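Being a predicted model, the structure only gives us computed values, none of them experimental. Lettering of chains follows the sequences in order, A, B, ..., and the numbering in each one begins at 1.
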2 protein chains.
Amino acid sequence: MKLIPTQIKTKKHFDTFLVSKGFKKTRQRDIIAEIFFNGPHHHYRIEEILEHARKLDASISYATVYRTMMMFVEIGFAQQRQFGKGQSLFEVQGRHHHDHLICTQCKKIIEFENETIEKLQAQVAKRHGFKMTHHKMELYGTCVSCQK
Amino acid sequence: MKLIPTQIKTKKHFDTFLVSKGFKKTRQRDIIAEIFFNGPHHHYRIEEILEHARKLDASISYATVYRTMMMFVEIGFAQQRQFGKGQSLFEVQGRHHHDHLICTQCKKIIEFENETIEKLQAQVAKRHGFKMTHHKMELYGTCVSCQK
DNA sequence: TTGTACATGCATATTATTTTCAAATAAAAT
DNA sequence: ATTTTATTTGAAAATAATATGCATGTACAA
């Protein structure tokens, strides 16, 4: 019994969202969305988005990137995560559900999914009378290359 | 094949540690350790330890509690955790291994353990060539009382 | 006792996040 | 095209949590 997969959020969805809700399409939002939704990877810090954005428009500010990322989170277009200390990471909402393997040396992040674990987690929550909304599972260690 | 359980850390162990390493036994450390190791629950914020400590000695500073908690973490007597945002929580090291169920409404924390999940996590890490050092698993939702 | 290295308290520095506000600008109304 | 308006932006400052520098205080060994 598979759930219907949530549609992956794209830049096009975001553009539509802006128009439909009466928000404005700005140069800054366009650049930030392009990087976030179509960029080379899946886990962006605000600082990193800012760096990339400034190559396209040197005047973009941290505050604007910050507010845009928060907007993504609020409207359900992004998930905000905290791995250990340091800054939040943002990833596009609606991709396959997954958890994370994190190398504490080189900070590399590998995504994985394990349906058996998911089921067991649901069981645990149920057994304690919890109505589970979400979970967090992160495995930390050293990756193959960092073990050498 | 059960692993040998790590000895639970106590205030007495801490006292011994201080002496053996040439650190000083101070009134402040004694108060803080008493609260942390023998207090009423298992998940302390620095602020909370400070409040309790000040009932016993009004002059104790945040910095001292902070540094003492950091010492507990460094010497392996405490684990530092971040549930969502907000301040870190500290818990005594060496109790049974466990993960957490967290009520997002009332912030209640329930500890649980599930050996099957643990094994599956180890498998996942191994499959990706990781040498796993630790993991984090938190299930968020609403507890029985908050569902009413 | 007294000396000394470690510990403490206060103040301040850092780091990450969040907000304020005047000026800029997108989009609607003329 | 120009004006109007409400939203958005950038710069700076506020907040929150964590971390540190330093003068003073204190545990403990000599």
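- The salt bridge (charged side-chain N to carboxylate O under 4.0 Å, His left out) pairs that include a residue from residues 139-148 of chain A number zero, where partners must be two or more places apart or lie in different chains.
- The ring-ring contact (aromatic ring centres under 6.0 Å, His included) test applied to B/H100 returns B/H43, B/F83, B/H98, not counting sequence neighbours.
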*Going 5' to 3' along nucleotides 23-30 of chain C, which nucleotides have protein heavy atoms under 4.0 Å from the base (write B), which only from the sugar-phosphate (write S), and which from neither (write -)?*
---BS---

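- Residues satisfying the side-chain hydrogen bond (donor to acceptor under 3.5 Å, both in side chains) test with A/Q80, not counting sequence neighbours, are A/S88.
- Among residues two or more places apart in sequence or in another chain, the ring-ring contact (aromatic ring centres under 6.0 Å, His included) test is passed with A/H13 by none.
- The nucleotide range of DNA chain D contacted by chain A, defined by atoms under 4.0 angstrom from heavy atoms of the protein and reported 5' to 3', is D/dA6 to D/dA19.
- Residues of residues 63-74 of chain A that place a heavy atom closer than 4.0 Å to DNA chain D, in numerical order, are A/A63, A/T64, A/R67.
- Among the atoms of the strands shown, none is found under 4.0 Å from any heavy atom of B/I46.
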Enumerate, atom names and distances included, each donor-acceptor pair closer than 3.5 Å involving a side-chain atom of residues 28-40 of chain A, sequence neighbours excluded.
| residue | atom | partner | partner atom | Å |
| --- | --- | --- | --- | --- |
| A/R29 | NH1 | A/K24 | O | 2.9 |
| A/D30 | OD1 | A/K11 | NZ | 3.0 |
| A/E34 | OE1 | A/N38 | ND2 | 3.2 |
| A/E34 | OE2 | A/N38 | ND2 | 3.4 |

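- Ranked by how close their nearest DNA chain C nucleotide is to the 5' end, A/S88 and B/L18 are led by B/L18.
- Across all strands shown, B/Q82 has heavy atoms under 4.0 Å from sugar-phosphate atoms exclusively, and none from any base.
- A residue-by-residue look at B/R29 and B/K85 shows that B/R29 has its nearest nucleotide of DNA chain C further toward the 5' end.
- Within the structure, no pair that satisfies the salt bridge (charged side-chain N to carboxylate O under 4.0 Å, His left out) test touches residues 99-110 of chain B, not counting sequence neighbours.
- Spacing between atom CD1 of B/I60 and atom P of C/dC10 amounts to 11 Å, rounded to whole angstrom units.
- Note on residues 73-91 of chain B: pairs passing salt bridge (charged side-chain N to carboxylate O under 4.0 Å, His left out), not counting sequence neighbours, are B/R81-B/E91, B/E91-B/R95.
- Every residue two or more places apart in sequence or in another chain was checked for a ring-ring contact (aromatic ring centres under 6.0 Å, His included) with A/H42, and none qualifies.
- B/Y44 meets the ring-ring contact (aromatic ring centres under 6.0 Å, His included) test with B/H41; sequence neighbours excluded.
- The ring-ring contact (aromatic ring centres under 6.0 Å, His included) test with B/F72 singles out one residue from B/F14, B/Y66, B/F17, and that residue is B/F14.
- Of the N and O atoms on the side chains of B/H134 and B/Q79, not one donor lies less than 3.5 Å from an acceptor on the other residue.
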